[in-house]
Amino acid sequence: MAMMGGGFGPNVMMSLRRDGSVTKERLRPGTVRRIARYARPYTKQIVAFLLLVVVGAVIVIANPLLMKAIIDDGILQKRTDVVVWLAVAIAALAVVDAGLTLVQRWFSARIGEGLIYDLRTEVFGHVQRMPVAFFMRAQTGALVSRLNTDVIGAQRALTSTLSSVVSNVVSLILVLGAMLVLSWQVTLVALVLLPIFIVPAKFVGRRMSALTREQMQLDAELSSVATERFNVAGAMVAKLYGRPEDDAAVFGSRAARVRDVGVTVGMYGTVFRVALGLVAALATALVYGIGGVLSVANVFELGTLVALAALLMRLYGPLTSLSNVHVDVMTALVSFDRVFEILDLQPMVAEKPGAVPVHDGPVTIEFDDVRFRYPAADEVSLASLESVARQDTSPSHPVLKGVSFTARPGQMIALVGHSGAGKTTITSLVSRLYDVNEGVVRINGLDVRDATLASLRDTVGVVMQDAHLYHDTIAANLRYARPEATDEEIWEALKAAQIGDLVESLPDRLDTVVGDRGYRLSGGEKQRLALARLLLKAPRVVVLDEATAHLDSESEAAVQVALKTALEGRTSLVIAHRLSTIREADEILVVHDGRIAERGGHEELLARGGLYAELYRTQFSSTDSPAASAQPGR
C-alpha cells in the first residue's frame, strides 16, 4: 500500500476520473464541523492510521537510499559486510512495509466500516420516522442511493481521501528533498518534464470523468428497465400485453450504449496507462542520460544515479494526485452534504416532548371540527429525491372541511362516499399518518398529537385495500405485528382469520415464503393473512380501508367471517366499497366533498332518500329491479 501510493498506481487513474463539476457544488454552512463530529469517536484510530501512512511514506524513499548505499558503499568499495547488512535492511523494510499495509488496511476498514454503519443506521432510522407523504413523493431509488452510494462516498473522506492526501504530501516532500540533496540538476530536469505528463493527463481525466458520469447514468437507466420488467406487476403487464420483443429491443439499445461507452472508457484507460509508461520511460532515459554523464564526470557516484531513477518513479504519482486533490475532497464533502440533507429534513409527524401513552381501556374516537389539506412537496420532501429540478410549491386544496363525529367504545362507524371524498384521509388521521391543520382528533380524550407514537400504533390497527406482505415467510409477516408471539398464538390468529386450514395444507406451513408483495397468494388469502396479522396485534381500534374490495364472492365471504372476529368488542372505522357489508354499522357517515353530508343507520338513510340512497341504488341497479331497489329493506 505504501509502495504503490508513491508511483503510477490505480489511485492516480481513479483521481483523474473524478467528476470535476463537483467543485462547483455549494456546501451548506457547518458541513465540515458536522463531519468532525462523526469522526470524533474514531479520533485515536484516525491518528494511528495517519501515523502508519506517514511511516509508509518514509519507507517509499528509504529503499532508493539503501540502494544507493549498497552500490556506493558496498559494491564499489568491495565491502561484502556492507552489502549483506544493507540487503538484510532492504528485506526487513519489505517485511515492515507488508505489515504496515495490513495494519493500515485494518485501521482503514475499522474507521470506514464504522462510519458507514453510523451513517446508514442514522439515515435509515431517520427515514423510517418520516411521514407517509414523504414516501409518496421521494423515489425509492434515490433514497437507496443516499443510503449506499453517498454514505460510502462520505466515508472515503476519512479513509481514502485523507490517507491519500497525507501520504502524497509526505511522499512528495521527502522525495523532492532527497532528490535535491542527491542532485539538484537532475531534479530540475525531472520537474521540467512534469507538464508533459500533467497536461495530457488532465485532458484524459476530464474526458474520462464525463464518460464515467454517462456510464453511471446509463447503468442506472438499464437497471431501471430491468427492475420494472422483473418485478411481479411489471412482468404480469408484459405477459398480458405480449410485447417481449419491444422490451428486448429497448433493453438491447440501452445495453448497446453501455457497451459502447464501456469500450471507449477502456480505450481511454489503456491510452492513459500507455502514456504513463511512455513518460516514465522518457523520464528514466533522461535521468540515466544526464545522470550518467554527471556520474562519468565524477559529479556524483553510480549509486546516486540509481537512487535518483528510483525516486523519480515516486515523484510523478503524488504530484498528479495532488493536482486533482480539490476534486477528491469536494467529492467526499458533497457526499456528506447529501447525507446531511436527508438528516436535516425534519418529519412533519413527530412525537412531542412529554408525550403520554393512550389511556387504557375501551376506546372512544372523537373528531372535533377537523380541517386538513395534504402537505405540499417542499414541506415533506426534497427536489433531489424526486428527480426534479425544482419542487412544486403550490398549496394543496383542502380535503376535510370541518369533520366532526364520535365513535364510542365497541361501535362500528362506516364511512361511505364517492372516490376522493376524504374517507381514507379521515382514517389516516386516526392512526396519525398525518396531522390535522385545524381541529382535534382525540382517542380517549387525548389529542393524538400528545400521545406517544408507540402507544398510538399499539392502539390502532389498520387493514388496507391492498394488503402488503414482505418477501418473507408467513410467520415472519405475522410476527411483524408482534415479534414475541408464539407459534400457538400465530395459529390462533390464522384460524380466527379463516385461513388456518390453508396454511396447514402448505408443505412448509408457517415457513412458506409468500413472495414479493405476497404475489404467491390470491387476493383473498392476502387479505386474510393481513387480518391475522391485525388479530395477532390485538389493537383496541380497527380501521378497515375497503378491506373487501376487488375480492370474489367466495373470498369476500371468508373475509367477512374473519372481519366479525376482528371487529368484535373493538371500536372500528370501516370504509365500505360494497354498501351491503355495512348494514349492521352503528352509524354510517356519508362523506361528500370533505364534509359529513349525512349520518345515521342503514334503514334511516335509505328512507331519507338522500346521497346514501343514491349511492345504494347506483350500486345495486344492475342486479335489483327499480322497485326492489326502492325498498328500505334492500
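For clarity, every value in this text was computed on a predicted model and none was experimentally measured. Heavy-atom basis, side chains included; hydrogens, waters and symmetry copies ignored.
- The environment of OH in Tyr480 is sparse: at most 12 heavy-atom neighbours from other residues, nucleotides or ligands sit within 6.0 Å.
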* To do: Just do the side-chain contact (heavy atoms from CB on, under 4.5 Å) check on Thr406 and Phe367 with the steps written out, would you?
  => CA-CA 6 Å; Thr406 301; Phe367 274 60; over 6 Å; no

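- Looking only at distances, no side-chain donor or acceptor of Asp368 sits under 3.5 Å from a matching main-chain atom of Gly439.
- Although no hydrogens or angles enter the test, the distance criterion places no donor-acceptor pair under 3.5 Å between the side chain of Ser431 and the main chain of Val460.
- Closest of all the heavy-atom pairs between Pro375 and Met348 is CB-SD, 3.6 Å.
- Within the 4.5 Å cutoff, the side chain of Thr571 has no heavy atoms near those of the Thr364 side chain.
- Among residue pairs with one or both ends in residues 529-541, none qualify as salt bridge (Lys or Arg N to Asp or Glu O under 4.0 Å); sequence neighbours excluded.
- A 4.5 Å side-chain heavy-atom check between Ile596 and Val590 finds every atom pair outside the cut-off.
- In the displayed structure, Arg37 atom CZ is contacted under 6.0 Å by more than 12 heavy atoms of other residues, nucleotides or ligands.
- Side-chain contact, Asp545 with Thr424: a donor N or O sits under 3.5 Å from an acceptor N or O.
- A search for side chain to side chain contact (heavy atoms under 4.5 Å, CB included) contacts involving Asp458 returns nothing, not counting sequence neighbours.
- Side-chain contact between Thr473 and Leu510 is absent, with no heavy-atom pair separated by less than 4.5 Å.
- A 4.5 Å side-chain heavy-atom check between Val440 and Val370 finds every atom pair outside the cut-off.
- Between Val513 and Asp472 the shortest side-chain heavy-atom distance does not fall below 4.5 Å.
- Heavy atoms only, all atoms of each residue included: Thr459 and Pro539 are closest at O-CB, 3.3 Å.
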* Give the C-alpha distance, both sets of side-chain angles, the deciding distance and a yes or no for salt bridge (charged side-chain N to carboxylate O under 4.0 Å, His left out) between Asp369 and Arg371. => CA-CA 7 Å; Asp369 194 29; Arg371 300 172 188 274; 3.3 Å; yes

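- Between Asp118 and Arg120 there is no salt bridge, since no side-chain N of the basic residue sits under 4.0 Å from a carboxylate O of the acidic one.
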* Between Tyr434 and Thr425, is a side-chain hydrogen bond (donor to acceptor under 3.5 Å, both in side chains) present by the stated rule, with each step listed? -> CA-CA 9 Å; Tyr434 300 91; Thr425 303; over 6 Å; no

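- Using a distance-only test at 3.5 Å, with no hydrogens or angles considered, a donor-acceptor pair links the side chain of Lys423 to the main chain of Gly417.
- Checking side-chain atoms of Asp435 against main-chain N and O of Val349 turns up no donor-acceptor pair under 3.5 Å.
- Applying the side chain to side chain donor-acceptor pair (under 3.5 Å) test to residues at least two apart or on different chains, the pairs with a partner in residues 444-457 are Lys352-Asp450, Asp447-Arg449, Thr452-Ser455.
- Scored by the ring-ring contact (aromatic ring centres under 6.0 Å, His included) test, Tyr612 finds His602 as partners (sequence neighbours excluded).
- With sequence neighbours excluded, no residue forms a salt bridge (charged side-chain N to carboxylate O under 4.0 Å, His left out) with Glu492.
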* To do: Please lay out, stage by stage, how Val542 and Leu544 fare under the test side-chain contact (heavy atoms from CB on, under 4.5 Å).
  => CA-CA 6 Å; Val542 173; Leu544 302 177; 3.7 Å; yes

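- In Arg408, the CZ atom is not crowded: 12 or fewer heavy atoms of neighbouring residues, nucleotides or ligands sit closer than 6.0 Å.
- Using a 4.5 Å heavy-atom cutoff, the side chains of Val416 and Leu611 are not in contact.
- Between the Arg373 side chain and the Asn437 main chain, no donor and acceptor come within less than 3.5 Å of each other.
- Checked against salt bridge (charged side-chain N to carboxylate O under 4.0 Å, His left out), Glu488 has no partners two or more places apart in sequence or in another chain.
- Checked against the 6.0 Å centroid criterion, the rings of Phe340 and Tyr38 qualify as a close aromatic pair.
- Ring pair His592/His418 is perpendicular by interplanar angle, where above 60° counts as perpendicular and below 30° as parallel.
- Heavy atoms only, all atoms of each residue included: Ala613 and Leu605 are closest at CB-O, 4.1 Å.
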